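Written below as structure tokens is the structure these notes are about.
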Amino acid sequence: MSAVYNFSGKVVLITGSSAGIGAATAVGFARSGAQVVVTGRNGQRVSAVGKQCSDVSPNGLTALEVTADVSKEVNRLDVLVNNAGFGLNTGITDPHFGQTFDQMFATNVKSAVILTQLSVDYLMKTKGNIVNISSIAANMTVPSLTGYCMTKSALDMFTKCMAAELGPKGIRVNAVSPGAVRTLARSTRGGEAIEDTDRFYREVSARYPVGRHGVPDDIAKAVMYLASDHAQFITGTILVADGGNLAASVNLTSTK
Ligand code: NDP
């Protein structure tokens with residue numbers, strides 16, 4: 001991705017940036033001059049993405065790599081990207097439903113709420129902004145992904161509430177809502193054989209109006225737009241980046 005935006009002098013923290021969408025977002029911001037904070041639980045993956053960020057930084061900045069408590073390491077913040085998240089296939093009758101429901105809420109919703117709380121003072125000083133990574137699953141029913149869909153709906157509402165509450169403090173809050181993006185996807189498709197995963201993305205590509213599934217850079221670009229000065233009048237928006245999937249799924253010709 002070329003450097004369309006200029007984030008020089010800005011500090012950008014991306015949760016869950018050791019892989020997938022978060023990693024592409026971290027590299028995109030780094031290429032645009034930002035000091036990025038790469039986070040995740042796996043130290044090796046965090047370091048690998050941190051190195052990629054340092055390699056592309058036009059300012060020679062070294063990415064800050066945090067595998068533990070992000071709130072203790074950062075003393076300036078311009079952009080917070082709440083990206084860490086996962087979805088598990090568990091039906092309501094599955095005995096593990098309650099447990100996976102709690103885990104998904106903790107990662108997909110509670111972490112965003114807590115990090116937002118911790119970031120407000122910093123973001124007020126920089127007139128910064130927050131981008132939450134939601135999902136089109138917030139707007140559709142997906143069999144056995146009830147818990148995941150609910151977490152992303154909650155995140156969308158949190159985004160809008162925060163836009164209203166933090167707007168007067170000079171902080172914008174938006175979300176990007178991706179469709180199917182081919183990541184390592186250890187979380188959602190990790191248990192599947194690779195040929196099943198390949199088939200899934202082939203079907204997605206056939207169904208999506210743009211003729212392909214998403215890639216992490218598609219989402220990184222949407223995040224960077226919302227985080228940039230080009231979006232100064234935009235807050236409380238859920239920007240759908242799904243190759244037209246949601247629009248196509250309400251196409252009445254399919255009921256003929
Ligand atoms: P990946 O599984 O590829 O990456 C997830 C990232 O989050 C990793 O860096 C992982 O790092 C980190 N992470 C997960 N749980 C935690 C945790 N508890 N604490 C800290 N870090 C964590 O996921 P994607 O890139 O596919 O997804 C990123 C976001 O995009 C998620 O919120 C997901 O719901 C959303 N999304 C994804 C879509 C897709 O099709 N891929 C579609 C719609 C939304 P580590 O393992 O090192 O902790």
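Whatever order the structure lists them in is the order used to number ligands and atoms, beginning at 1. Keep in mind it's a predicted model, so treat the numbers as computed, not measured.
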- Message: Under a 3.5 Å threshold, yes or no: a donor from one side chain and an acceptor from the other, between Asn42 and Ser18?
- Response: no

- Item | Gap between atom CE of Met162 and atom CZ of Arg172 - 0.5 Å precision | 16.0 Å

- Task: Closest by any non-hydrogen atom to atom 27 (O) of ligand 1: pick that one out of Val176, Ile21, Ile14.
- Result: Ile21

- Query: Where does Arg45 meet ligand 1, judged by heavy-atom distances below 4.0 Å: at the side chain, the backbone, both, or neither?
  - Reply: side chain

- Nearest-0.5 Å distance that lies between atom OG1 in Thr151 and atom CZ in Phe105: 6.0 Å

- Rounded distance (nearest 0.5 Å) linking atom CZ of Phe97 with atom CD1 of Ile92: 3.5 Å

- Message: Heavy atoms only, cut-off 4.0 Å: how does Pro216 contact ligand 1, side chain, backbone, both, or neither?
- Response: neither

- CG of Asn6 to OG of Ser228: how many Å apart, nearest 0.5 Å? 10.5 Å

- Task: Take every heavy atom of Ala23, measure it against each atom of ligand 1, and state whether any distance is under 4.0 Å.
- Result: no

- Test of proximity, Ala19 against ligand 1: N or O pairs below 3.5 Å: yes

- Item | Selection from Gly20, Ser18, Gly40 by shortest heavy-atom distance to atom 21 (N) of ligand 1 | Gly40

- Note on the structure: Taken to the nearest 0.5 Å, the spacing of Ser249 OG from Asp242 CG works out to 8.0 Å

- Please determine if Asn42 has a nitrogen or oxygen closer than 3.5 Å to a nitrogen or oxygen of ligand 1. yes

- Query: Which is closest to atom 29 (C) of ligand 1 in terms of heavy atoms, Asn83, Val215, Asn132, Val181?
  - Reply: Asn83

- Message: Under 4.0 Å from a heavy atom of Ile133: which atoms of ligand 1 are those, numbered in the order shown and with their elements?
- Response: 29 (C), 30 (O), 32 (O), 35 (C)

- Message: Applying a heavy-atom cut-off of 4.0 Å, say which part of Lys152 lies close to ligand 1: side chain, backbone, both or neither.
- Response: side chain

- Note on the structure: In short, Ile133 meets Pro178 closest at the heavy-atom pair CG2-CG, 4.0 Å

- Message: Does the residue Gly87 have a heavy-atom contact with ligand 1, meaning some pair of atoms that are separated by less than 4.0 Å?
- Response: no

- Task: Indicate yes or no: does Asp218 engage Arg212 in a salt bridge with an N to O separation below 4.0 Å.
- Result: yes

- Query: Has ligand 1 got any nitrogen or oxygen that is less than 3.5 angstrom from a nitrogen or oxygen of Ile136?
  - Reply: no

- Item | Point-to-point distance, once rounded to the nearest 0.5 Å, from NZ of Lys160 to CG of Leu155 | 11.0 Å

- Under 4.0 Å from one or more heavy atoms of Tyr148, ligand 1 contributes atoms 33 (C), 34 (O), 35 (C), 36 (N), 43 (C), 44 (C)

- Item | Asp55 with Lys51: basic N within carboxylate O range, under 4.0 Å | yes

- Relative to the heavy atoms of Ala180, which atoms of ligand 1 are at a distance of less than 4.0 Å? 40 (O)

- Message: Counting only heavy atoms closer than 4.0 Å, does ligand 1 sit against the backbone of Thr107, its side chain, both, or neither?
- Response: side chain

- Region of Thr183 that comes within reach of ligand 1 [heavy atoms, distance under 4.0 Å]: side chain

- Task: Evaluate the ring planes of Phe29 and Phe7, with Trp represented by its six-membered ring, and classify them as parallel (under 30°), tilted (30 to 60°) or perpendicular (over 60°).
- Result: perpendicular

- For ligand 1, the portion of Ser17 having any non-hydrogen atom under 4.0 Å away: backbone

- Note on the structure: Nearest non-hydrogen contact to atom 15 (N) of ligand 1 from the set Gln44, His213, Arg41 belongs to Arg41

- Salt-bridged, Asp198 to Arg182, with N to O below 4.0 Å? yes

- Using a strict 4.0 Å cut-off to heavy atoms of Ser134, name the atoms of ligand 1 that fall inside it. 35 (C), 36 (N), 43 (C), 44 (C)

- Message: For atom 43 (C) of ligand 1, tell me which residue out of Ala26, Ala106, Pro178 has the closest non-hydrogen atom.
- Response: Pro178

- Message: Tell me if the CE atom of Met157 is crowded by more than 12 foreign heavy atoms within 6.0 Å.
- Response: no

- Is Gly179 in contact with ligand 1, taking contact as a heavy-atom separation below 4.0 Å? yes

- Item | Where ligand 1 meets Gly16 - atom numbers and elements under 4.0 angstrom, heavy-atom basis | 6 (C), 7 (O), 8 (C), 9 (O), 12 (C)

